[in-house]
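Okay, structure first, notes after.
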Amino acid sequence: MCHSRTTTHHMADDKKLTTRAKDFSAWYNELVLKAEMADYSPVKGCMVIRPNGYGIWERMQRALDDMFKATGHQNAYFPLFIPESYLHKEKEHVEGFAHEFAVVTHGGGKKLEEPLVVRPTSETIIYSMFAKWVQSYRDLPILMNQWANVVRWEMRTRLFLRTTEFLWQEGHTAHATHDEAEAEARQMLGVYRDFMEGYIAMPVITGQKTDSEKFAGALRTYSCEAMMQDNKALQAGTSHNLGQNFARAFELKFQSEQGTEEFAWNTSWGVSTRMVGGLVMTHGDDNGLRCPPLLAPIEMVIVPIYKTDEERSQVLEAANNIAKSLGAWDRREYARLRIHIDSREGIKPGAKYYEWELRGIPLRLELGPRDLASNQGVLVRRDTKEKRPVSLDTLGEDVADVLSAMQRDMLAAAVDRRDANSHRKPMSYDAFRQLMDGEGGFVYAGWCGMASCEAEIKADTKATIRCLPDEEFRSAEVPTTCLKCGMASTVEALWAKAY
RNA sequence: CGGGGCGUAGCGUAGCCCGGUAGCGCGCCUGCUUCGGGAGCAGGAGGUCGCCGGUUCAAAUCCGGCCGCCCCGACCA
């Protein structure tokens with residue numbers, strides 16, 4: 001209703017999200033809660049993932065799982081509880097995680113002989129089992145993945161981005177050689193990148209972590225770094241070459257072709273429900289979520305419009321026919337549309353529009369008597385708000401075209417936004433500090449390789465080296481001096497504030 | 001764990017300073033009219049005012065203690 005703005009002002013404020021420009025953090029929380037993606041739980045730091053959020057996670061799982069299978073991996077499941085002693089077998093690993101342990105000390109009313117740690121990650125228990133299963137080089141490689149929950153006792157939590165318990169997948173592999181493990185770690189980083197760009201429409205910079213940021217116990221860590229709309233970086237996935245560190249700790253040995261006894265080489269890699277938060281902060285707008293079509297639990301919602309009962313039954317019949325033909329169960333996955341008809345009574349169409357926009361459903365088909373009279377509907381894109389009439393005869397093709405265009409456009413828009421907030425020209429340290437103090441962004445700059453420079457920059461600005469970018473992401477003009485100390489640069493680094 | 005803020009109906013809040021019938025908006029239920037961008041009217045349901053104790057004739061309000069949550073920082077996917 002466009003009348004009496006002043007009298008409806010309070011009501012409107014109740015329903016609208018805080019804008020991103022006003023308070024990005026408040027916007028994010030309100031969006032996640034109001035779109036019913038998640039809610040706070042009775043347990044501090046733990047969240048409830050509601051159907052609107054879980055549906056996105058399910059689609060993420062499905063796509064990723066197919067990609068893992070296509071690259072030769074199999075799913076398995078290992079216990080939630082890990083004997084405390086296992087976690088202590090790899091020194092760096094326990095040092096990195098010990099302060100986040102949740103520990104079970106009692107079971108069945110009795111004190112346990114050995115405390116059990118609720119897994120923060122499963123390297124230790126998985127490689128202890130691999131050790132049992134591997135004797136010969138012929139038993140390698142092992143390419144395994146598990147979908148699981150993990151617990152890390154974080155100080156401060158945020159819905160989806162950091163919670164005490166979270167859902168993820170963790171891939172674990174064992175190989176006969178360093179190079180094979182390295183290739184695996186790089187391959188899975190590539191899978192993550194393909195998924196993030198192809199499905200989440202979230203562009204990422206891939207690269208290697210510095211020693212101070214690498215996984216506890218790893219030889220090398222690679223990561224995918226995405227830029228959120230507040231110009232902060234989100235580490236969206238990591239892949240580790242674990243070297244022989246865990247193999248030594250758990251005596252994961254094999255006899256080589258030459259008859260010698262060797263330690264295996266491991267990799268592990270994971271992505272989590274954090275990606276759902278990344279999706280929100282990459283694509284959400286002031287009206288709510290914008291969900292990339294490939295991950296949307298519902299791709300198109302049909303909103304019927306009518307006045308009389310007779311019109312209502314006509315419009316609903318037409319809607320049902322559309323849903324039946326385009327969403328038919330016997331269609332192939334890629335051709336079957338996920339359609340919902342919002343047939344709720346007593347809610348006006350306008351109110352439904354706002355609700356589905358908040359939830360990020362990519363397409364809306366408005367269907368009313370005037371449309372039916374001309375065998376058409378009005379198709380509205382969530383990303384651009386573009387509205388146009390479409391013939392019901394060619395609706396299936398039209399919708400498929402628009403959905404794939406949206407998927408492409410959303411990625412392109414995210415790439416543009418990231419590039420517009422990336423800085424590759426030589427920058428003084430003062431200018432860098434000012435930038436990080438203000439609007440932020442990704443800064444590509446030289447680094448001398450000293451941990452002290454890295455630490456001082458973090459202390460000064462809260463910015464960290466997100467990664468040492470892979471070749472394709474490096475600047476055309478190679479930086480020559482360290483951002484901090486001005487000494488000769490040994491490598492190009494990507495600096496940003498991060499979640 | 002340090003700093004800040006907040007706990008009153010499902011949600012958001014007023015009332016608290018200055019003690020005296022717990023109010024408003026949204027949402028919810030019923031009915032009628034509506035329905036192409038957050039509907040209108042009428043009626044209605046819903047409250048241990050976070051918890052424990054103290055002061056008082058009387059406490060949401062004053063005092064003491066505790067608990068919880070959110071935000072900012074240090075730690076982290």
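Numbers restart at 1 for each chain; the letters A, B, ... are given by sequence-line order, proteins then strands.
Here the nucleotide nearest the side chain of Ser272(A), chosen from rG37(B), rC35(B), rA77(B), is rA77(B). Of the listed nucleotides (rA77(B), rA74(B), rG37(B)), rA74(B) has the atom at the smallest distance from the side chain of Lys462(A). Of the candidate nucleotides rA39(B), rC35(B), rA77(B), rA39(B) has the atom lying nearest to any side-chain atom of Ala351(A). The nucleotide whose nearest atom lies closest to any side-chain atom of Arg158(A) is, among rA77(B), rG73(B), rC71(B), rC71(B). Between rC70(B), rA77(B), rC35(B), one nucleotide has an atom nearer to the side chain of Tyr40(A) than all others, and that is rC70(B).
Within 4.0 Å (heavy atoms only), Glu154(A) reaches at least one base atom of the nucleic acid. Contact annotation for Val378(A): base contact, defined as any heavy-atom pair under 4.0 Å involving a base atom. Heavy atoms of Leu234(A) sit nowhere under 4.0 angstrom from any nucleic acid atom. Within the nucleic acid shown, Thr273(A) has no heavy atom closer than 4.0 Å to any nucleic acid atom. Asn29(A) comes within contact range of the sugar-phosphate backbone alone, with a heavy-atom separation under 4.0 Å but no base atom that close. Nucleic acid contact class of Arg370(A) (heavy atoms, under 4.0 Å, all strands): base.
Note: His93(A) and Phe246(A) meet the aromatic proximity criterion, with ring centroids under 6.0 Å apart.
Considering only side-chain N and O atoms, Lys458(A) lies under 4.0 angstrom from the phosphate OP1 or OP2 of rC75(B). Put simply, Lys348(A) has no side-chain N or O that comes within less than 4.0 Å of OP1 or OP2 on rG37(B).
We find that Glu454(A) and Lys484(A) are not joined by a salt bridge, their nearest charged nitrogen and carboxylate oxygen being 4.0 Å or further apart. Ion pair Lys69(A)/Asp65(A) flagged as a salt bridge, since at least one NZ, NE, NH1 or NH2 atom sits closer than 4.0 Å to an Asp/Glu carboxylate oxygen. Salt bridge annotation for Asp470(A)-Arg186(A): present, with a cationic side-chain nitrogen under 4.0 angstrom from a carboxylate oxygen. A salt bridge does not link Lys22(A) to Asp286(A): none of the charged nitrogens lies less than 4.0 Å from a carboxylate oxygen.
Atom pair Glu30(A):CD and rC11(B):P shows a separation of 15 Å (rounding to whole Å applied). Between the CD1 atom of Ile347(A) and the C1' atom of rG37(B) there is a distance of 14 Å, given to the nearest Å.
Below the 3.5 angstrom threshold, one finds a donor paired with an acceptor across the side chain of Lys387(A) and the base of rG37(B).
Taking the ring pair (Phe, Tyr, Trp, His ring centres under 6.0 Å) definition, one finds that Tyr199(A) meets it with Phe195(A), sequence neighbours left out.
Base pairing analysis places rC6(B) opposite rG68(B); the two distances defining the Watson-Crick or G-U wobble pair are each below 3.5 Å.
Of the residues in residues 355-368 of chain A, Glu357(A), Arg364(A), Glu366(A), Gly368(A) come within less than 4.0 Å of RNA chain B through at least one heavy atom, sorted by number.
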